[in-house]
Amino acid sequence: MSDAPKSHLPLRIEEITADWLTAILAERYPGTVVTEVHIGTVIAGTATKVRLLLSYNAAGHAHRLPPTMWLKGGFIRHAYTFDESFVNEAKFFATWAPEMNIHIPRAYWAGWDEGVQGLVLLEDLAARNVTFGDARRLISIDQQAQTLDLLARMHARWWQSPELKQLRNFSTVWQAADRVVMMMLEPDYFNACINHRRCAAYVGPYRDRDRIIAGLRTQWKRSMEIPQCFSHGDGHLGNMFFEVDGRPGFLDWQAWQEGPYMHDVAYSIIGNLTVADRRSAEKDLLASYLEALKTHGVAHPPSREEAWEAYRRHAMHGFMWPFTPVEMQPIEIVTAEGDCFGAAVSDLDTFGALGV
């Protein structure tokens, strides 16, 4: 008997059929029939993204359904596959996405089987010539300021809100993350990474495995001390897109949660800018984010001093980038992010801020 998981959703790319697509699209777009589907580009990573080339009947065209979409979920599996992340993203697009006050992709359908599979049928952003974020092409200080305004708008919408108590909170998330992170810190794998080019920016105490573990766990615990909000949870540059006019948006909603505001902010500033730009602009960018919180309705945002200390600690959030397995991200990406975060933790004395 097979031990493979069972689901009413496709678990393999070859199970994506015109009949299945007809059934799911007809829920929101009545009368639609997908007459043909062809599999286009397949991108493997933490999740698998499958580009679909679609033909419809007259009803589908009347609903203005597009000729290409992306289906995202857990199709290509590996040792670091985290099924719950696919379910989380599907739940986001089905429930919270309609309430979002920031720029995100359109979802035509989302569905899930708890613990097994989560799928989202998304618009093909490339069809309107957006540019996708990439850590090998870091953004300008002005673009980062726009990104922080976007985060401030979302954070302010649910700043310390009781509505968030229905969500996973950061304490739950970090306990789940601990399992995956500790896999990356297994001695053999850790040693292979720390002695590779990907970790070249990690110097002195930031090469000590025991202190790294202590720093991560301390940062996770202390994150509960600062204001909580609706957090993207994984807002790195690779999870962003930019319209032709430069307007930023966020992709990849697998890690959304009730979380500390600085979780998104520090991760974004440190990972999106060159080391030189980050050093010259980080305090001004933090100040602009705090002002944006006020603009978007937070009566009493943290002080600059409180935000700076939280920022120093939360540099630890991106620390694990250069240990990320190549099954999840290309080596060039993890190396580029490692260069950013390795410089930042040393500059900011993150271990000192955490007391480890």
Side-chain angles (χ1 to χ4, degrees), residues 13 41-51 70 72-83 85-86 89 126 131-139 144 177-209 211-213 215-216 232-242 250-252 254-255 266-278 315-347 350:
I13 293 172
T41 304
V42 176
I43 301 174
T46 307
T48 308
K49 294 171 279 291
V50 182
R51 191 168 187 252
W70 287 88
K72 183 179 180 185
F75 294 112
I76 299 174
R77 310 181 74 75
H78 48 73
Y80 298 91
T81 294
F82 187 34
D83 292 315
S85 66
F86 312 137
E89 185 158 35
T131 300
F132 294 97
D134 188 311
R136 293 165 290 194
R137 300 187 305 271
L138 299 173
I139 62 177
Q144 183 58 35
D178 189 86
R179 175 183 64 82
V180 176
V181 169
M182 290 307 121
M183 289 173 65
M184 299 180 196
L185 291 173
E186 287 290 332
D188 288 347
Y189 182 77
F190 172 82
N191 289 331
C193 291
I194 204 71
N195 293 310
H196 187 275
R197 165 64 186 91
R198 60 170 71 189
C199 286
Y202 286 52
V203 298
Y206 299 101
R207 299 176 68 85
D208 183 318
R209 179 176 173 274
R211 288 187 73 179
I212 291 168
I213 293 171
L216 287 165
H232 181 286
D234 195 24
H236 62 80
L237 193 53
N239 287 339
M240 294 189 67
F241 64 97
F242 299 85
F250 278 102
L251 304 163
D252 198 329
Q254 296 182 357
Y267 197 47
S268 182
I269 292 174
I270 295 168
N272 290 4
L273 297 174
T274 66
V275 172
D277 281 351
R278 190 260 307 159
M316 204 68 202
H317 173 44
F319 189 94
M320 292 304 297
W321 257 114
F323 299 93
T324 303
V326 294
E327 293 91 342
M328 300 173 74
Q329 293 284 349
I331 188 66
E332 298 85 2
I333 298 292
V334 305
T335 301
E337 292 282 14
D339 288 349
C340 292
F341 281 92
V345 292
S346 292
D347 289 347
T350 294

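Excluded from the calculations below are hydrogen atoms, water molecules and symmetry mates; all remaining heavy atoms, backbone and side chain alike, are included. Here the structure is a predicted model, which means the values were calculated and not measured. Residue numbers count from 1 along this sequence.
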Could you list the residues that satisfy side-chain contact (heavy atoms from CB on, under 4.5 Å) with Val42, not counting sequence neighbours? Ile13, Ile39, Thr48, Val50, Ile76

For Leu138, enumerate each residue passing the side-chain contact (heavy atoms from CB on, under 4.5 Å) test, keeping only those at least two apart in sequence or located in another chain. Leu237, Thr274, Cys340

Show me the donor-acceptor pairs, under 3.5 Å and distance only, between side chains in residues 180-187 and residues at least two apart or in other chains.
none

Provide the closest heavy-atom pair for [X] versus [Y] in the form atom of the first, atom of the second, distance.
X	Y	value
Arg198	Ile331	NH2-CD1, 3.2 Å
Ala135	Ala336	O-CB, 3.7 Å
Ala315	Ala266	N-CB, 4.4 Å
Gln254	Ala47	NE2-CB, 3.3 Å
Gly238	Leu251	O-CD1, 4.5 Å

Could you tell me if the side chain of [Y] sits less than 4.5 Å from the side chain of [X], heavy atoms only?
X	Y	value
Phe319	Val345	yes
Pro322	Phe341	no
His317	Leu216	no

Please list, chain by chain and in numerical order, all residues satisfying side chain to side chain donor-acceptor pair (under 3.5 Å) with [X], sequence neighbours excluded.
X	result
Arg51	Asp124
Tyr267	Asp234, Trp321
Ser268	Gln144, Asn272

For the atom pair [atom1] ([X]) and [atom2] ([Y]), what is the distance rounded to the nearest 0.5 Å?
X	Y	atom1	atom2	result
Cys199	Arg207	SG	CZ	7.0 Å
Phe86	Lys72	CZ	NZ	9.0 Å
Tyr202	Asp208	OH	CG	14.0 Å

Tell me, please, which residues at least two apart from Asp347 pass salt bridge (charged side-chain N to carboxylate O under 4.0 Å, His left out). Arg278, Arg279

Are the side chain of His232 and the backbone of Asn239 linked by a donor-acceptor contact shorter than 3.5 Å? no

Side chain of Arg209, backbone of Asn191: donor and acceptor closer than 3.5 Å?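 Checking the backbone N and O of Asn191 against the side chain of Arg209, no donor-acceptor pair under 3.5 Å is found.
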
Applying ring-ring contact (aromatic ring centres under 6.0 Å, His included) to Tyr206 and not counting sequence neighbours gives Phe351

Which residues satisfy the ring-ring contact (aromatic ring centres under 6.0 Å, His included) test with Phe323, sequence neighbours excluded? Phe190

Any pair counted as side chain to side chain donor-acceptor pair (under 3.5 Å), so long as it reaches residues 330-341, sequence neighbours left out: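 Sorted result for residues 330-341: Arg197-Asp339.
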
